[in-house]
Amino acid sequence: MERFAVPAPTLARRMLGWRLVSEVGGVRTSGRVIETEAYLGPEDPASHAATRKGRTDRNASMFEGGGTAYLYFTYGMHWCFNVAAGAPGEPGAVLVRALEPLEGREVMEARRGRSRDLTSGPARLCQALGLDGTHDGHRLEGPPLWIEEGDAPDERRIGVSGRVGIRKARRWPLRFFLEGHPDLSGGKAPPSDPRTLPAELHWIHRPGSSIRRSTSTESA
DNA sequence: GTCCGGATATTCT
DNA sequence: GAATATCCGGACC
């Protein structure tokens with residue numbers, strides 16, 4: 001699980017191209033990660049782990065260390081799937097916003113009740129893969145839910161924008177996606193503006209820095 | 001294609 | 001009481 005023990009922005013970018021696999025209900029469905037968003041800890045006002053909140057029953061999985069599934073319920077009817085990032089005790093997570101369907105398309109269509117837009121949104125992909133609150137806190141090391149690394153996409157195909165559906169810190173450059181992919185979520189993403197980042201977070205946008213920065217627990 | 005309102009639970013003010 | 005890390009269907013262009 002070492003690969004998840006990096007800051008959320010690093011992991012969010014690195015997860016593009018990885019494969020999310022579900023065997024929920026005994027049937028296999030999977031998809032290639034094509035769109036992610038990073039949520040930080042106390043320093044990120046948009047995060048469920050923002051300072052004023054701290055650790056609660058709802059966001060506890062964000063504190064459990066990289067590779068823990070964090071699923072939360074929102075708008076009274078939708079589940080969203082995140083992967084906790086970083087070291088235990090240091091909250092952070094990557095929201096998976098869209099997948100390219102790979103396996104189990106017919107199962108996804110049955111779960112979604114339609115044949116289009118199967119995994120092009122954070123709540124849609126949860127429905128397609130059968131994910132809900134029962135998977136919150138699951139370590140992503142094996143069934144019923146895990147992640148396999150894939151080939152890193154061409155850096156030139158990776159887009160960066162502000163995050164979708166939030167007001168606070170909306171122009172922070174924390175949404176990552178494969179440019180032009182047909183299965184991206186339809187959400188309206190604001191352009192990113194790195195100047196809105198507090199000084200201590202400027203490392204996020206320096207080219208290359210977000211995929212090189214290590215956490216305090218990474219000795220090498 | 002875009003825009004708007006409704007559904008509905010939990011958290012926060 | 002308001003906001004929310006959303007989606008869907010219907011109105012309209």
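Labels below follow one simple rule: chain letters A, B, ... track the order of the sequence lines, proteins then strands, and each chain is numbered from 1.
- Nucleotide C:dT4 holds its P atom 14 Å from the CD atom of A:Glu37, rounded to whole Å.
- Within the 4.0 angstrom heavy-atom criterion, no nucleotide atom of any strand lies near A:Arg175.
- Not a single donor-acceptor contact under 3.5 angstrom links the side-chain atoms of A:Tyr75 to the base of B:dA7.
- Residues A:Glu23 and A:Trp146 have side chains in contact (heavy-atom distance under 4.5 Å, counting atoms from C-beta outward).
- Using a 3.5 Å distance cut-off with no hydrogens or angles, the side chains of A:Arg124 and A:Ser120 do pair a donor with an acceptor.
- Side-chain contact check for A:Arg97 and A:Ser185: at least one donor-acceptor pair (N or O, by modelled atom type) lies under 3.5 Å.
- In this entry B:dG1 has C:dC12 as its Watson-Crick or G-U wobble partner, both defining distances falling under 3.5 Å.
- Scanning all heavy atoms of the two residues, the minimum distance from A:Leu95 to A:Phe81 falls at CD1-O, 3.5 Å.
- C:dA5 atom P lies 16 Å from atom CG of A:Leu71, rounded to whole Å.
- Straight-line distance from the CG atom of A:Asn59 to the P atom of B:dT11: 10 Å, rounded to whole Å.
- In this structure, A:Phe73 reaches the sugar-phosphate backbone alone: every heavy-atom distance under 4.0 Å involves primed, P, OP1 or OP2 atoms, never a base.
- Within a 6.0 Å radius of CG in A:Asp154, other residues, nucleotides and ligands contribute more than 12 heavy atoms.
- A sub-4.0 Å separation between OP1 or OP2 of C:dC8 and a side-chain N or O of A:Arg114 is present.
- C:dA5: no Watson-Crick or G-U partner with both key distances under 3.5 Å is found in any strand.
- Map A:Gln127 and A:Ile166 each onto its nearest nucleotide of DNA chain C; the residue landing nearer the 5' end is A:Ile166.
- Checking the phosphate oxygens (OP1, OP2) of B:dA9, no side-chain nitrogen or oxygen of A:Arg58 falls inside 4.0 Å.
- Under 4.0 angstrom from either OP1 or OP2 of B:dT8 there lies no side-chain N or O belonging to A:His78.
- Distances shown here put a side-chain N or O of A:Lys188 below 4.0 Å from the OP1 or OP2 atom of B:dC3.
- Separating the P atom of B:dT2 from that of C:dA5 is a span of 24 Å, rounded to the nearest Å.
- Annotation: cation-pi pair A:Arg139/A:Phe4 absent, no NZ/CZ under 6.0 Å from the ring centroid and within 45° of its normal.
- Straight-line distance from the CZ atom of A:Arg116 to the P atom of B:dG1: 8 Å, rounded to whole Å.
- Using a 4.0 Å heavy-atom distance criterion, A:Ala46 is classed as a base contact.
- With C:dT6, C:dC8, C:dA5 as the candidates, the nucleotide lying closest to the side chain of A:Ala123 is C:dT6.
- Straight-line distance from the CE atom of A:Met77 to the P atom of C:dA3: 18 Å, rounded to whole Å.
- In this entry the distance linking NE2 of A:His48 with P of C:dA3 reads 16 Å, nearest Å.
- Among the protein residues, A:Arg170 comes within range of no part of the nucleic acid, since none of its heavy atoms lies under 4.0 Å from any strand.
- Put simply, NZ on A:Lys168 is 9 Å from C1' on C:dT4, counting in whole angstrom units.
- The CG atom of A:Leu95 sits 16 Å away from the P atom of C:dT4 (whole-angstrom rounding).
- When heavy atoms are screened at a 4.0 angstrom cut-off, A:Asn82 is found touching base atoms of the nucleic acid.
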